[in-house]
Amino acid sequence: MMNVSVRMENETKKEFEKFCKDVGLSISAAFNIFAKKVIRERRIPFDISNEDPFYSAENQARLALSIRHAKEGKLTEHELIEA
């Protein structure tokens, strides 16, 4: 066997350790399961996307319009803010 090191945020590690413990796995076993599934399916076994809706063209256009309106003194109501 060979050792592999993985870097992750402390909170992520704590939550992952807790999950693994709750389902009766070690972190090593969980990563081995993941690696074997990747090899078997020849893909990452879940969707990965770099598309954050905040950065969508539609949202960026809306933000630009809102900024322009704010600079012009024409603030508009937002659906998340109760009037």
Side-chain angles (χ1 to χ4, degrees):
M1 283 221 179
M2 177 183 283
N3 288 329
V4 176
S5 296
V6 177
R7 296 180 57 85
M8 67 177 67
E9 295 175 356
N10 287 336
E11 190 59 33
T12 302
K13 181 179 181 271
K14 287 178 190 175
E15 290 179 29
F16 189 59
E17 281 178 322
K18 182 181 181 328
F19 169 80
C20 288
K21 182 180 177 187
D22 290 347
V23 298
L25 291 172
S26 67
I27 289 177
S28 290
F31 275 106
N32 274 293
I33 290 168
F34 171 75
K36 288 177 182 181
K37 188 163 178 77
V38 167
I39 292 165
R40 185 173 54 251
E41 295 183 9
R42 306 293 299 152
R43 68 180 190 89
I44 301 294
F46 46 82
D47 291 333
I48 298 175
S49 173
N50 65 349
E51 293 185 28
D52 183 334
F54 178 81
Y55 296 103
S56 70
E58 180 183 348
N59 194 51
Q60 292 300 303
R62 181 176 179 167
L63 289 171
L65 179 63
S66 295
I67 291 168
R68 192 175 81 232
H69 284 173
K71 287 179 179 177
E72 295 170 354
K74 301 184 231 174
L75 295 177
T76 57
E77 184 178 317
H78 191 280
E79 69 268 9
L80 296 178
I81 301 173
E82 293 181 17

- [ ] Inspect the contact between Arg62 and Glu58 and indicate whether a charged nitrogen and a carboxylate oxygen are less than 4.0 angstrom apart.
- [x] no
Open item on the list: Working to the nearest 0.5 angstrom, can you tell me the gap between Glu11 CD and Lys14 NZ?
Closed with: 5.5 Å
TODO: Measure the NZ-CG distance between Lys37 and Asn32 for me, rounded to the nearest 0.5 Å.
DONE: 15.0 Å
Task: Flag side-chain contact, heavy atom, 4.5 Å: Arg43 against Val38 - done: no
Open item on the list: So that I can tick it off, tell me whether Glu9 and Lys13 are bridged by a salt bridge, with the cut-off set at under 4.0 angstrom between side-chain N and carboxylate O.
Closed with: no
Open item on the list: Taking side-chain contact (heavy atoms from CB on, under 4.5 Å) as the definition, give me every residue that meets it alongside Ala29, ordered by chain and number, with sequence neighbours left out.
Closed with: Leu25, Ser26
Open item on the list: Let's go through Lys21 and Glu17 carefully: what are the C-alpha distance in whole Å and the side-chain angles of both, what is the deciding distance for salt bridge (Lys or Arg N to Asp or Glu O under 4.0 Å) to 0.1 Å, and is it a yes or a no?
Closed with: CA-CA 6 Å; Lys21 182 180 177 187; Glu17 281 178 322; over 6 Å; no
Open item on the list: Applying a strict under-4.5 Å side-chain criterion to I, L, V, M, F, W and Y, I'd like to know whether Ile33 and Ile39 cluster together.
Closed with: no
Open item on the list: Quick check on Asn10: does its CG atom have over 12 non-hydrogen neighbours (other residues, nucleotides or ligands) under 6.0 Å away?
Closed with: no
TODO: Establish whether Val6 and Phe16 are linked, either directly or via other cluster members, by ILVMFWY side-chain heavy-atom contacts under 4.5 Å.
DONE: yes
- [ ] Take atom CZ of Phe19 as the centre, draw a 6.0 Å sphere, and report whether it contains more than 12 heavy atoms from other residues, nucleotides or ligands.
- [x] no
